2 protein chains.
Amino acid sequence: MISSIAELISDRIGTMPAGERRAAQTLIANYPLTGLKTVAEFSIAAGVSSPTILRFVARLGFQNYPEFQSALQDELAAQLQSPASRTLNPASPAGGGAVSPMLEATLDNMRETFRHLSDKQLADIAARLAERRGKTFLIGGRFTDPLARYMAAHLAIIQPDVYHLAGQESIWRDRLIDMGKRDVLVIFDIRRYQESLIRFAEKAHERGVQIVLFTDQWLSPIARFARHVIAGRTAVPSAWDSSAALFVVAETLIGAVTRQLEAAGAKRIRDLESLR
Amino acid sequence: MISSIAELISDRIGTMPAGERRAAQTLIANYPLTGLKTVAEFSIAAGVSSPTILRFVARLGFQNYPEFQSALQDELAAQLQSPASRTLNPASPAGGGAVSPMLEATLDNMRETFRHLSDKQLADIAARLAERRGKTFLIGGRFTDPLARYMAAHLAIIQPDVYHLAGQESIWRDRLIDMGKRDVLVIFDIRRYQESLIRFAEKAHERGVQIVLFTDQWLSPIARFARHVIAGRTAVPSAWDSSAALFVVAETLIGAVTRQLEAAGAKRIRDLESLR
DNA sequence: GGAGCGCTGTATCGTATGTTACGTATTTTG
DNA sequence: CAAAATACGTAACATACGATACAGCGCTCC
């Protein structure tokens, strides 16, 4: 059974020609507001012509555009009057779709991850990353290296001397000679923990490098060498572990570091502002 | 300070004549829907004439009726996009650090992103990625390329011919000659949209490549060329946009593709199982 | 490679919509 | 109580909005 227009669209979007599909996508993207505007505005937003919009609503079963708008308004009225019913994706059939459980598990993971993570802990790590005594290196494992890249991409903008260690093991192993007590090494490592990373962490630790470890709740062996450990929940109903919680922690940290540097009035940040 | 139109009305309703006051009351009664209808409908609902409605909106300071409606729509857009403001969470320590708001916003972003995303849509994309007629290419922008890498790292394990396009523009631009109708190109692009990516997407589209686009709610121009568009929420209380919602969608897709291939009994998957 | 079909945009048309002018009703004030 | 001012609705108007016809184009299927 189809109750909302959004469902109706996603049900038939497959059978639509390209132009009408663009219309459908733009409408879904910020539903239902685009549909409440005029045909001309809708068509511009979707990058198609007016008749295409009209054919689109016709395909949905509406006699004319006003009727379509009325339906959207009625839906919106029902939604606004009972904000409690703003459940996520009522389209999902309780049994079939495996999306909701996945999302629910991910959200739970994040809440749980942050429940075990104090503000002070994050602030400390942020402070460590923000104080520019030495260099910052980032590295990750097979699946988590993208997280290291993501964090590096941001940090490298707001401060100098941020390096992502990429490529072959032999390459970043040689970078060890650049590292010392004043430096910070951010490592992402979840199961299955990688031998090469562990060895690398140990060597870095011996050189006095401060290690910040992102790992899962079972803690990578690297935790032995780490100054700070962030343990994220990774279990989801999937064949793969989820790094989403660690990703959010990383984003939070990026934000915290940025804020601390702003507060410190770093020149680089002010320069950055002017570029925005 | 007056922020919403509803406030504006209740502020001036005292100085209004009887007819306009009735208009104000009917609008407030089921705000803001009555204001989105036509003048005639509004007037009937309020039991007054059309000119009275127009005088009413004029008294609120609007030049004409469409301007008034635009203002209402903007307000509604802001309201729909940040359901966070609605759920005041007494559990979170109000005084504490800047962590909770960031997390709350991220969780909201995810819920909102998936609310606009049907199971069917995800299943369609997963099916497209799972059917092994052609090759799969992944690429991202400055900050989102790590997401492309993350997805590529997983997909490359469960199926052959998965390539992440990295490095200089000239390098992946030349890969276009390998792409054709049977291939899929997954692009991550959020504001500020990168010219190079747009050009690349256009070229790929011209070659008949099926494009799956991960973007933000304002839709990258690439949406024009995309077969499938995933619009994630990115707004968080930080100097940076958040890609966390897109990350979770990516993980969900990875899971869905894996499941489909398992269901299809792909040999590669069985081989993979034995390696675990 | 050619014929047919379907999709899309341009241009045009009729109409519903917002707007305005004006006359009547109602209230206010001296 | 009278006169003026204000408020309100009816009716006519112009704009812009949605609808439609038609032609060009690309795509698919013989």
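Note on naming: letters A, B, ... go to the chains in the order of the sequence lines (proteins, then strands), and numbering restarts at 1 for each one. Given the structure is predicted, the values throughout are model-derived calculations rather than measurements.
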Among residues 49-63 of chain A, which residues get a heavy atom nearer than 4.0 Å to DNA chain C? A:Ser49, A:Pro51, A:Thr52, A:Arg55

Residues 51-59 of chain A, side-chain donor-acceptor partners within the protein, below 3.5 Å, at least two apart:
from    : atom 1 : to      : atom 2 : distance (Å)
A:Thr52 : OG1    : A:Ser49 : OG     : 3.3
A:Arg59 : NE     : A:Glu20 : OE1    : 2.5
A:Arg59 : NH2    : A:Glu20 : OE1    : 3.3
A:Arg59 : NH2    : A:Glu20 : OE2    : 3.1

Just to be sure I understand the geometry, which residues of residues 219-227 of chain B put a non-hydrogen atom under 4.0 Å away from DNA chain D? none

I need the residues from residues 34-44 of chain A with at least one non-hydrogen atom less than 4.0 Å from DNA chain D; give them sorted by number, or say none. A:Thr38, A:Val39, A:Ala40

For atom CD of A:Glu20 and atom C1' of C:dG9, their distance in whole Å: 13 Å

Summary of salt bridge (Lys or Arg N to Asp or Glu O under 4.0 Å) pairs that have at least one residue in residues 211-226 of chain B, sequence neighbours excluded: none

Test side-chain hydrogen bond (donor to acceptor under 3.5 Å, both in side chains) applied to B:Glu41 - qualifying residues, sequence neighbours left out: B:Thr38

Set of residues satisfying ring pair (Phe, Tyr, Trp, His ring centres under 6.0 Å) with respect to B:Tyr65, sequence neighbours excluded: B:Phe68

Sequence neighbours left out, what passes ring pair (Phe, Tyr, Trp, His ring centres under 6.0 Å) with B:Phe42? Give chain and number order. none

Charged N to carboxylate O under 4.0 angstrom, B:Glu112 versus B:Arg115? yes

Strictly below 4.0 Å, N to O, side chains only: are A:Asp145 and A:Arg149 in salt-bridge contact? yes

Between A:Ser242 and B:Glu251, a side-chain donor and acceptor under 3.5 Å: yes

5'-most to 3'-most nt of DNA chain D touching chain B (<4.0 Å, heavy-atom partner on protein side) reads D:dA7 to D:dT10

So ring pair (Phe, Tyr, Trp, His ring centres under 6.0 Å) across residues 182-216 of chain B, not counting sequence neighbours, yields B:Trp172-B:Phe200, B:Phe188-B:Phe214, B:His205-B:Phe225

Residue pairs, two or more places apart or on separate chains, that pass ring pair (Phe, Tyr, Trp, His ring centres under 6.0 Å) and touch residues 126-147 of chain B: A:His154-B:Phe143, B:Phe137-B:Tyr163, B:Phe143-B:Trp240

Taking atom CD1 of A:Ile9 and atom CZ of A:Arg21, what is their separation to the nearest 0.5 Å? 13.5 Å

Through what angle, rounded to 10 degrees, does the axis of the helix from C:dG1-D:dC30 to C:dG30-D:dC1 turn between its ends, using five pairs per end? 30°

